[in-house]
Amino acid sequence: VKLARYGQRDDGGWGQWGVVDAGAGTVQRIAADFDDWAPTVTADPTTSPALDGDPVPLRAVQLLAPLTPTSEIMGTGVNYPNWVIPYEGMDSPFYYKSLSSMIGPDAEITFAYLAESQPLCRLCYEIELVVMMGRPVSDRKHAMADVLGYTVGNDSCVRGMRPSFLGMDLLGSKCGFHASSVGPWIVTRDELGGDDQPDLEITMRVNDVVTQHDRTSAMNWPIEKLLYECDYRSHMSTGDLLYTGTCGFIGVPDGFYEPADVIEAEIEGIGVLRNVVAPVDPYKTATTEEELDVRERVAGGIDHRGVH
Amino acid sequence: MKFARYRATGRGGADGERWGVVDTDARTVQPIDGAFEEWAPAVTVGGPGAVTLGSAPVSLDTVTLLPPLRPTSEITGLGYNYASFVVPAEGADPPVYTKPMASIVGPDATIEFPDLIAIQPQCRFCYEIQLVAVVGSVRIGDPKHATRDLLGYTIGNDGALRGTRPSFVGMDLFGERSSYQSSALGPWIVTTDELGGDGQPDLELTTTVNGAVTQKGRTSEMRWGVDQVLEEMNNRSMLSTGDVVFTGTCGYVGIPDGHYLAGDVIDLAVEGIGTLHNVVAATDPFPMHPSQRWGGDTSLPGVHPVGTRGGS
């Protein structure tokens with residue numbers, strides 16, 4: 001079942017949840033509140049929630065980021081060996097993203113404001129499989145049973161910012177206003193491997209050129225392990241999202257955005273999350289030799305790669 | 001003016017939750033008409049006169065105070081902001097982090113031991129008194145004078161799980177600061193006009209555990225003043241109405257850290273705001289071995305008799 005949050009165009013409200021029929025190109029409203037139907041569907045993902053009213057064409061609505069006002073948005077990194085190979089015994093790095101960092105399908109990606117005070121910063125894209133929790137975790141060793149489903153995420157991050165003296169500044173990296181996107185909808189886990197690790201092709205295209213490509217089966221830490229570690233640190237609850245890490249880049253050292261880029265993140269069995277980048281980067285000065293040098297160094301991974 | 005979020009005792013659910021104006025002399029709270037996201041920006045611009053009060057005041061004894069947060073509040077903080085705690089390297093940026101809503105309890109509520117101790121038993125769970133800034137404006141106007149956009153200040157007890165294993169990219173601030181019901185906030189927000197106005201406040205901080213003082217400092221000692229803390233935070237994640245920023249803790253008195261023992265009674269006082277009172281869970285599910293206490297130095301003074309936590 002495909003579950004989407006949607007509203008009227010330019011409404012600005014929280015909208016409503018509905019069930020998408022991708023073949024027919026329609027969405028139909030779910031009668032109950034998210035907090036009521038999500039745990040029920042999670043318990044048995046083959047059941048569709050009770051619907052209300054008539055199906056409406058998808059083209060007549062605006063799909064919104066599939067989350068709720070109380071969703072905690074979490075992420076992890078270093079999870080694909082073609083991006084970074086972890087060392088033995090290493091823990092996953094976890095972080096939070098802010099609600100204000102998130103946009104939905106088709107919305108415009110904003111260049112991160114942090115670059116104004118730290119001019120060496122550059123905003124980059126990262127395709128990620130995103131887990132949505134359908135209820136609180138009851139057994140940490142079997143937390144896949146508490147997953148509602150999966151969606152596509154673009155986890156934009158700022159690279160090249162100054163670290164604090166405790167390490168990488170993950171808050172500064174991951175929380176840029178309207179820099180990251182999620183959607184277009186949640187696909188329930190029964191369609192994507194059930195309680196087992198999903199094995200899905202993930203593909204990032206920038207202006208129609210493939211720049212990231214992998215399978216979710218390649219993860220260093222499978223989702224079950226991530227949920228175990230994450231829930232030990234921060235109790236997960238209904239509607240919470242977990243970004244599960246990005247894979248390596250192809251043909252480019254890193255995923256820097258350029259103004260007006262068209263970004264299409266696709267995951268097999270879910271769909272395409274499409275966004276456009278703001279037409280102007282207000283924090284970019286000239287493309288000088290010096291700046292290109294800095295980009296090379298940042299892309300070379302001095303700060304965030306290098307352990308192989 | 002003091003703003004509290006509260007629920008009438010015995011009433012469940014979000015329907016019973018309200019914001020009100022507290023009169024500490026009369027020990028009452030009077031409900032405010034309208035939504036927080038409407039009156040909070042108005043008060044921030046126009047002063048306390050911008051609130052409209054609703055029905056009659058009720059006794060504070062008939063309500064449960066809740067953490068002064070909106071459901072969508074972002075909760076962020078920074079470390080090492082008082083030289084009495086840690087002196088950071090010259091030019092080092094403050095380490096910043098996010099806390100989840102589920103980590104916060106209100107006044108008088110029970111603080112829980114973190115589950116993460118079960119798989120990382122080397123950790124010590126500690127309290128930290130912090131001045132907490134509450135944003136009133138929808139957006140920060142002048143980033144160099146961001147305290148102008150504050151509704152006011154409240155008191156935070158930022159539960160910290162010290163000693164977590166670092167990840168590949170550095171210290172695990174996520175694991176350290178996110179535990180379920182490990183931190184407290186309240187009892188209310190005091191508007192900036194009562195605490196020195198815009199700019200840096202100079203208020204005394206005092207932590208008392210089981211009647212003994214264990215932290216003491218003044219907010220004027222901050223390495224990064226509140227204006228700069230807000231500017232740096234807003235550079236990273238846009239601040240908006242109802243967001244709260246923890247501004248760091250001061251040093252400990254006579255002990256190297258402030259780890260909890262089961263059943264501790266903890267009172268955090270900030271001059272001009274009040275006292276945030278909490279109790280710690282009566283049972284520690286993961287008792288600490290005495291060798292973990294203060295590096296095993298049992299000669300250190302403290303508020304707990306040596307060896308009262310675990311030991312076998």
Side-chain angles (χ1 to χ4, degrees), chain A residues 68-78 84 86-87 89-101 112-118 136 140 158 161-178 228-237 240 303-305 307, chain B residues 70-80 86 88-103 112 114-120 139-140 143 161 164-182 231-240 243:
Chain A
T68 79
T70 55
S71 293
E72 296 288 350
I73 306 153
M74 295 161 275
T76 190
V78 203
V84 180
Y87 53 83
M90 176 185 143
D91 279 17
S92 309
F94 288 103
Y95 52 85
Y96 292 101
K97 296 179 72 70
S98 52
L99 200 55
S100 65
S101 70
Y113 178 56
L114 185 60
E116 183 161 291
S117 55
Q118 297 196 28
R140 290 198 175 104
V158 170
M161 73 276 171
R162 289 194 301 266
S164 80
F165 67 98
L166 295 181
M168 190 169 162
D169 177 6
L170 284 163
L171 196 164
S173 178
K174 299 286 185 177
C175 294
F177 181 76
H178 284 190
Y228 173 89
E229 291 287 340
C230 188
D231 194 68
Y232 256 117
R233 288 163 172 77
S234 178
H235 284 200
M236 304 182 84
S237 193
D240 287 356
D303 288 343
H304 55 275
R305 284 194 280 180
V307 176
Chain B
R70 292 176 67 194
T72 55
S73 292
E74 295 285 346
I75 307 158
T76 51
L78 87 166
Y80 304 146
V86 174
E90 193 63 38
D93 274 20
V96 291
Y97 53 85
T98 305
K99 296 178 71 71
M101 191 64 70
S103 68
E112 302 291 343
D115 287 0
L116 187 59
I117 302 174
I119 56 171
Q120 295 199 20
R139 292 280 180 268
I140 298 297
L161 189 61
T164 52
R165 281 200 303 269
S167 81
F168 174 70
V169 297
M171 191 162 157
D172 181 9
L173 286 163
F174 183 100
E176 183 177 302
R177 302 280 166 169
S178 304
S179 302
Y180 182 70
Q181 299 193 348
S182 62
E231 181 191 0
E232 292 286 354
M233 215 57 93
N234 190 56
N235 282 345
R236 289 162 171 77
S237 181
M238 188 173 285
L239 293 171
S240 189
D243 290 352

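No experiment lies behind these values; they were computed from the predicted model shown. Note on naming: letters A, B, ... go to the chains in the order of the sequence lines (proteins, then strands), and numbering restarts at 1 for each one.
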Main-chain N/O of B:M101 paired with A:E72 side-chain donor or acceptor, under 3.5 Å: yes

CA sep, side-chain torsions, deciding dist, call: A:D91, A:R233, salt bridge (Lys or Arg N to Asp or Glu O under 4.0 Å): CA-CA 12 Å; A:D91 279 17; A:R233 288 163 172 77; 3.3 Å; yes

Under 4.5 Å from a heavy atom of chain B, the part of A:F177 involved: side chain

Flag side-chain contact, heavy atom, 4.5 Å: B:I119 against A:E229: yes

Contacting moiety of A:Q118, where chain B heavy atoms sit under 4.5 Å: side chain

Under 4.5 Å from any heavy atom of chain A - which part of B:L173: side chain

Inter-residue atom distance B:R139.CZ - B:S240.OG, 0.5 Å rounding: 5.0 Å

Nearest-0.5 Å distance, CD of residue B:E74 to OG of residue B:S237: 5.5 Å

Donor on one side chain, acceptor on other, B:N235 and A:S117, under 3.5 Å: yes

Partner chain A: residue of B:G170, B:A118, B:P95 with the largest heavy-atom pair count (under 4.5 Å): B:P95

B:F174/A:Y96 under ring-ring contact (aromatic ring centres under 6.0 Å, His included): CA gap, chis, key distance, verdict: CA-CA 8 Å; B:F174 183 100; A:Y96 292 101; 4.5 Å; yes

Leading residue by heavy atom contact count with chain B [cutoff under 4.5 Å; candidates A:L166, A:L114, A:L170, A:D169]: A:L166

Closest-packed option against chain A by number of heavy-atom pairs under 4.5 Å, given B:A102, B:S167, B:P71, B:P114: B:S167

Choice from B:M233, B:Q181, B:R70, B:R236 maximising heavy atom contacts with chain A below 4.5 Å: B:R236

Backbone of A:S237 reached by a side-chain donor or acceptor of A:D240 within 3.5 Å: yes

Heavy-atom contact with chain B under 4.5 Å, split by part of A:S98: both

Heavy-atom contact with chain A under 4.5 Å, split by part of B:S103: neither

Region of B:T76 that comes under 4.5 Å of a non-hydrogen atom in chain A: side chain

Largest heavy-atom contact set with chain B, pairs under 4.5 Å, which of A:G167, A:S92, A:C175: A:C175

